[in-house]
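Take a look at the structure set out below.
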Amino acid sequence: MTLRGRKMLKWALWTVLLFLLGGIQSSPAFPELFEMRPSLLLAAGICGVLLEEKIEAACGYAVLAGLVWDVVEGRLLGFYGLLMLLICAGAGWLSENYLRSGPLNSIWMSAAGSICCGLVCAEFYLFIWGYADGAVPVVIWGMIWRGIYTALTAPLLYWLMKKMQLKSMGLVGSGLRLRASRMRGDRKE
């Protein structure tokens with residue numbers, strides 16, 4: 001299989017995973033932690049950004065994850081898409097310039113991204129309209145628990161997406177990753 005075919009296979013697998021995660025995230029049977037469900041689509045978007053060399057393609061994947069999240073949550077189409085673009089572009093910039101790609105970085109980035117999404121969502125849907133006047137601490141604690149729960153699911157998603165990437169790309173992908181990391185190391189010196 002050619003390199004282009006391998007990349008198409010990887011993106012197809014990741015897209016199927018994205019739609020499966022959207023179904024799982026919206027499932028009423030999914031276990032809750034303090035009446036909160038994890039943001040699986042956010043964690044998948046951040047893991048995609050950490051695993052992909054090209055930030056443009058990874059941000060496109062994050063926008064797709066945000067649009068699926070919009071449909072799953074029943075929000076205005078593009079609300080989570082824009083949030084995911086901003087959060088994942090920041091995560092991609094950090095991983096490209098300062099951090100290594102790894103499950104530990106996916107944990108804290110997913111938690112921070114989930115809390116940021118929760119704050120923006122609460123501002124636009126609750127606080128502006130005065131719906132959460134007496135319940136601000138409850139809303140804030142709910143966002144913190146959702147961030148923790150999302151952080152707990154991020155390493156599993158990172159591992160799964162990494163396995164998909166390795167199976168689809170094979171030795172070609174690992175060689176490309178090595179060359180890209182060497183080039184990044186040469187640029188910093």
Are Arg37 and Pro28 close enough that some pair of their side-chain heavy atoms sits under 4.5 Å apart?
yes
Hey, could you give me the CG/NZ distance between Leu166 and Lys10, rounded to the nearest 0.5 Å?
10.5 Å
Using every non-hydrogen atom in the two residues, find where Gly23 and Ser26 come nearest and quote the distance to one decimal.
O-OG, 3.2 Å
Determine, step by step, whether Leu67 and Phe79 satisfy the side-chain contact (heavy atoms from CB on, under 4.5 Å) criterion, reporting the C-alpha distance in whole Å, the side-chain angles of both residues, the deciding distance to 0.1 Å, and the verdict.
CA-CA 8 Å; Leu67 293 175; Phe79 180 76; over 6 Å; no
Report the distance from atom OG1 of Thr150 to atom CD1 of Ile107, rounding to the nearest 0.5 Å.
12.0 Å
How long is the straight-line distance from CG of Leu50 back to CE of Met161, given to the nearest 0.5 Å?
9.5 Å
Is a donor from one side chain sitting under 3.5 angstrom from an acceptor on the other, for Tyr158 and Ser101?
yes
Check the orientation of Trp14 and Trp11. Use parallel for under 30°, tilted for 30 to 60°, and perpendicular for over 60°.
perpendicular
Same cluster or not: Met164 versus Phe19, using hydrophobic residues (I, L, V, M, F, W, Y) connected whenever any side-chain heavy atoms lie under 4.5 Å apart?
yes
With the side chain counted from C-beta on, respond yes when Cys117 and Trp69 share a heavy-atom pair under 4.5 Å apart, and no when they do not.
yes
Any heavy-atom pair between the side chains of Ser106 and Trp159 that's under 4.5 Å?
no
Is there a donor-acceptor pair under 3.5 Å between the side chain of Asp70 and the backbone N or O of Arg75?
no
Closest heavy-atom contact between Glu73 and Gln25?
OE2-NE2, 3.9 Å
Any non-hydrogen side-chain atom of Leu21 less than 4.5 Å from a side-chain atom of Leu157?
yes
For Val49 and Ala91, which heavy atoms make the closest approach, and how far apart are they?
CG1-C, 4.0 Å
Between Leu156 and Leu160, is any pair of side-chain heavy atoms under 4.5 Å apart?
no
Here the pair of heavy atoms bringing Leu85 nearest to Cys59 is CD1-CB, 3.9 Å
Members sharing Val16's hydrophobic cluster (side chains within less than 4.5 Å):
Leu20
Distance (rounded to the nearest 0.5 Å) between Ile55 CD1 and Asn97 CG
8.0 Å
Please report the C-alpha distance between Val68 and Tyr80 in whole Å, then the side-chain angles of each, then the deciding distance to 0.1 Å, and finally whether the side-chain contact (heavy atoms from CB on, under 4.5 Å) criterion is met.
CA-CA 9 Å; Val68 170; Tyr80 282 120; over 6 Å; no
Of the non-hydrogen atoms in Ala154 and Ser110, which two are nearest, and what is the gap between them?
CB-OG, 3.5 Å
Does Leu104 share a hydrophobic cluster with Ile148, counting links as ILVMFWY side-chain heavy atoms below 4.5 Å and allowing steps through other members?
no
Compare every heavy atom of Ser39 with every heavy atom of Arg146, then report the nearest pair and how far apart it is.
NE-OG, 3.0 Å
Side chain proximity check, Gln165 to Lys162, heavy atoms < 4.5 angstrom
yes
Distance (rounded to the nearest 0.5 Å) between Leu82 CG and Leu76 CG:
10.5 Å
Do Tyr61 and Leu86 share a hydrophobic cluster (ILVMFWY, side-chain heavy atoms under 4.5 Å, transitive)?
no
Can you hop from Met84 to Val71 via hydrophobic side chains spaced under 4.5 Å?
no
Nearest-0.5 Å distance, CG of residue Leu9 to CG of residue Leu13:
4.5 Å
Should Leu83 and Met143 be regarded as members of a common hydrophobic cluster, given that ILVMFWY residues are connected when their side-chain heavy atoms come within less than 4.5 Å of each other, either directly or indirectly?
yes
Test side chain to side chain contact (heavy atoms under 4.5 Å, CB included) applied to Ile24 - qualifying residues, sequence neighbours left out
Phe30, Leu40
If you apply the rule side chain to side chain donor-acceptor pair (under 3.5 Å), what do you find for Ser95 with Arg100, and how did you get there?
CA-CA 6 Å; Ser95 70; Arg100 291 184 178 189; over 6 Å; no
